[in-house]
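Take a look at the structure set out below.
A, B, ... follow the sequence lines: proteins, then strands. Residue 1 opens every chain.
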2 protein chains.
Amino acid sequence: MSSRTTSPGADLHLDLRVDHGRGVRVALTDALRDAVRSGRLAPGTRLPASRSLAADLGLARTTVVEAYAELVAEGWLTARHGSGTRVAERAPAAPREPVPPAPPRTSGPRHDLMPGRPDVASFPRAEWLRATRRALASAPDEAFGYGAVRGRPELREALAGYLARARGVRADPDRIVVCAGMSHGLTLLARVLRGRGVRAVAVESAGLHIHRDLLLGAGLRIPPVQVDALGARTETLGRDVGAVLLTPAHQFPTGVALDPARRAAVVEWARTTGGLVVEDDYDGEFRYDRQPVGALQGLDPEHVVHLGTASKALAPGLRLGWMVAPADVVAEIDSGAADPEPSVTSALEQLVLADLISSGAYDRHVRGRRRSYRRRRDELVAALADQAPHVGVGGLAAGLHVVVTVPDGTEGDVLRSAAWHGLAVEGLSTFRHPDAPSGQAGIVVGYATPSDSAWAGALEALCRVLSP
Amino acid sequence: MSSRTTSPGADLHLDLRVDHGRGVRVALTDALRDAVRSGRLAPGTRLPASRSLAADLGLARTTVVEAYAELVAEGWLTARHGSGTRVAERAPAAPREPVPPAPPRTSGPRHDLMPGRPDVASFPRAEWLRATRRALASAPDEAFGYGAVRGRPELREALAGYLARARGVRADPDRIVVCAGMSHGLTLLARVLRGRGVRAVAVESAGLHIHRDLLLGAGLRIPPVQVDALGARTETLGRDVGAVLLTPAHQFPTGVALDPARRAAVVEWARTTGGLVVEDDYDGEFRYDRQPVGALQGLDPEHVVHLGTASKALAPGLRLGWMVAPADVVAEIDSGAADPEPSVTSALEQLVLADLISSGAYDRHVRGRRRSYRRRRDELVAALADQAPHVGVGGLAAGLHVVVTVPDGTEGDVLRSAAWHGLAVEGLSTFRHPDAPSGQAGIVVGYATPSDSAWAGALEALCRVLSP
């Protein structure tokens, strides 16, 4: 239905699209709004009287009256006694700025060995759907309401058992806070620390940029603790920092384990100074040569916060993580004292993860991933020994990445060659703390990132880049 | 299997629980760790030589060697040449602080009419499961990886269509940022504003405490704009504030709509001063007497940020919301300039919501909810007119709550009486801005909160409390 009406003030062409079950009043309102918005009806223009527009269009008069009233309420039209209905006077809207489009979905290197990501093609879709069905069938109604900041009791219960069993964490469900991944957990902690008056948090001299940024963003200074072959030199910590962020089981990115004496030293430091140790246990389930080293938190749950995530074992896209923290930290987060924002983590997804853990599906999936990543690591080490004997492979037989050390001064060359071969890897220097001295040259290779079908090609590309 | 061993340094009772498929080495490691942790093995105690403990327990010697090595790595034991393996010297851990338990799940009033919540018993579990199945079947692998801050393209596409259709929002998918509910969206905006050097954001003189706290937490001042029967007095806004937070479609909690002239005035203010209008459209889909008033954002997408949420139409427990913002705001959020934290919203859940919207299930659910809440509101108004004719019912026929006005000075009495009758409602004064003058006495009644089966009883309780 398309109709044209002329009146003293307006040469009015209206396209009335009466479809999708919309009433004719909605169609008229939309058409008038479009005419005003586009400028076809200029500010100040007087509209036809409702009676005459209704007659022109063959509509009931009330339809037109209601459409006019709607547009008056929205601010497009004004209605004054005696002067009828007019287009509102308003400065024209600024032209719309162009929006930078979201990055295209299909972009990306031909061979992706960027560290920090699991093989997302392995996400257990069928298991997740089954667990969702069970969670939806058994969830109490209140689970769909506003939830407690610390998260669903079902998940905290399941995690307490899992973390004790898999990581040696001393986890009481009441000491667990569910969070939206590792960065979110660190953000919450940073606000707690800042709220306590802490001004500086020591971080490893090699580590993730985003973690440093999050701490800086919370108003904290981040002096570096030097990392060497025995992990972070925790014996150098002093009273000038209120907390320290560590990756004890598998230093990121260098791949070493924190030396036992240094584990003891950092706990001693925390007890003596009242400082807090933040244990980033990002890939603690993945150790290939032996049982994983138990969590540092097990040594002293009153001074160590254990941070974990489902991002490596399941998928980063879920945004599910957790912390196990001393009672006062939990209380500060739960009360919103450190951050008034409520929980940001879906209650339903928490119930699904709880079901996966309780049913054993999570453990089965982790075991399968461990086998797969271990095989990849073995293949990578063997291939490099064969085809690039001049490079070194650093770090434990663990996790989702290795450091490939290259001769001093060649890191940039290797990265340029990688880019040339369509291979995405990260330079070791990328992870260096801005205040840390320059160190070993190398690249960080995430062997978990490709899908099974893409792995062989990626490894070949890596060998091509590194072979002499 | 339980075994006892004695050696020069330790009267060692070990409970080896070899179950759940754990190897005997893990069982031995756990048992030794427990003995150290509990103090049964005191610091400095020398452990039996691995050969003799293995003989005592009937284990392979390598099992004991590996268990000792594990515990040395974790810091429980120390090993020195010549002095054997000993329990590490360490100050005893502080006694564990009691943890405040999470609030019991079954707590709550007998009759719950707290505002701000939908009927969570109405969550469309079957539809959600169906949409999850479809989303899991069609999701690209990359959806399970680390996602863009602005959210999944599938959901932004679906929302753009929905918001244009249902709320008159001018929504380009590239201008939409998915967030974890309204508070999270407001938090992101507050950081953007603070990053731009804005120091003050005007807020309505009656509104949500948590929104004020979030803005204050971001370091912003929050001068009040007075709310009267025509909504917020936007004509009083000046250059001293860089943004204003409004609930134009249905002022919360007073329930009025923003007057057309004031809609125009706030857009004019934004254009003149370069300020930003933040439109909190928390329940815009729920209007019962007419079509909802279109979003303020439609008037000027370059100066108005539209904030919406699935919390009222579906469930708060999902933590799903969105904003439609000017290009520069989107770019600042997307780049992480305002906040380095990555997306906190589950990609999978975003895909499920996109499917619900695209399949029409979301609209069907909203229509069903609208019918149900409208009926409840009508019943409430009729019951009060009959049984408590001295109170007033304020606000539009819209949303999930009404304001019941009571004679001056009686709000406290009414709330005490409600508590006595096991009825949860909120006092109107709870929402008053700390710097705003005291106003109308009343209670805010959330008629959407109870389940269908609990509704009649809750309404009866309300009438009992309010009847003379």
Side-chain angles (χ1 to χ4, degrees), chain A residues 70 72-75 88 90-91 93-94 97 99-102 117 120-121 123 125 129 132-133 136 141 143-148 150 153 172 174-175 180 183-184 187 210 213-214 217 260 263-264 271 291 293-294 299-300 302 315-319 327 331 340-342 344-349, chain B residues 26 70 72-75 88 90-91 93-94 97 99-102 117 120-121 123 125 129 132-133 136 141 143-148 150 153 172 174-175 180 183-184 187 210 213-214 217 260 263-264 271 291 293-294 299-300 302 315-319 327 331 340-342 344 346-349:
Chain A
E70 167 77 28
V72 168
E74 291 182 13
R90 231 190 356 257
E97 285 175 65
V99 192
R117 300 191 227 141
V120 288
F123 182 78
R125 299 187 188 210
L129 181 61
T132 302
R133 183 181 301 114
L136 279 167
D141 285 339
F144 297 98
Y146 288 98
R150 69 175 90 174
D172 178 329
D174 282 335
R175 292 191 172 216
S183 296
H184 180 239
T187 302
I210 182 160
D213 283 351
L214 287 171
R263 287 170 70 100
R271 289 183 186 173
Q291 282 290 109
V293 174
L299 284 184
D300 192 340
E302 302 306 321
L318 299 176
R319 311 314 301 132
E341 200 176 328
V344 295
T345 311
S346 160
L348 184 55
E349 204 155 83
Chain B
V26 177
E70 168 77 28
V72 169
E74 291 183 14
R90 232 191 353 260
E97 287 174 64
V99 191
R117 301 191 226 141
V120 288
F123 182 78
R125 300 187 189 211
L129 181 61
T132 302
R133 183 182 299 114
L136 279 166
D141 286 338
F144 297 98
Y146 288 98
R150 68 175 91 172
D172 178 329
D174 283 335
R175 292 192 172 215
S183 296
H184 181 239
T187 302
I210 184 161
D213 282 353
L214 287 170
R263 286 169 72 100
R271 289 181 185 174
Q291 282 291 109
V293 174
L299 283 184
D300 193 339
E302 303 306 321
L318 300 174
R319 311 314 302 132
E341 199 176 329
V344 295
S346 161
L348 183 55
E349 205 154 82

How close do [X] and [Y] get, heavy atom to heavy atom, and via which atoms?
| X | Y | answer |
| --- | --- | --- |
| B:Phe144 | A:Pro316 | O-CD, 3.0 Å |
| A:Leu348 | B:Glu349 | CB-OE2, 4.3 Å |
| B:Glu70 | A:Val293 | OE2-CA, 3.7 Å |

Exercise for review: Side chain from CB out, backbone as N, CA, C, O: work out which of these in B:Ala73 comes under 4.5 Å of a heavy atom of chain A, or both, or neither.
Suggested key: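 Both parts, backbone and side chain.
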Review point. Contact part of B:Phe123 toward chain A, heavy-atom cut-off under 4.5 Å: side chain, backbone, both or neither?
Key: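 The side chain, not the backbone.
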Let's test your reading of the structure: which of [options] forms the most heavy-atom pairs below 4.5 Å with chain B?
| options | answer |
| --- | --- |
| A:Ser183, A:Ser346, A:Ala121 | A:Ser346 |
| A:Ala143, A:Gly147, A:Gly317 | A:Gly317 |
| A:Gly294, A:Ala180, A:Ala347, A:Gly217 | A:Gly294 |

Check your understanding: Of the listed residues (B:Asp213, B:Val120, B:Thr132), which shares the most heavy-atom pairs with chain A below a 4.5 Å separation?
Key ->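 Result: the option with the highest number of such pairs is B:Val120.
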Practice item. Would you mind reporting whether B:Val72 and A:Arg263 have side-chain heavy atoms less than 4.5 Å apart? Key: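 Side-chain contact under 4.5 Å: no.
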Review point. Has the side chain of B:Arg133 got a donor or acceptor atom that lies under 3.5 Å from a matching backbone atom of A:Leu129?
Key: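 No; judged by distance alone, with no hydrogens or angles, the pair does not exist.
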Practice item. Give, for atom CG of B:Asp141 and atom CZ of A:Arg125, the distance between the pair rounded to the nearest 0.5 Å. Key: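 It is 5.0 Å, given to the nearest 0.5 Å.
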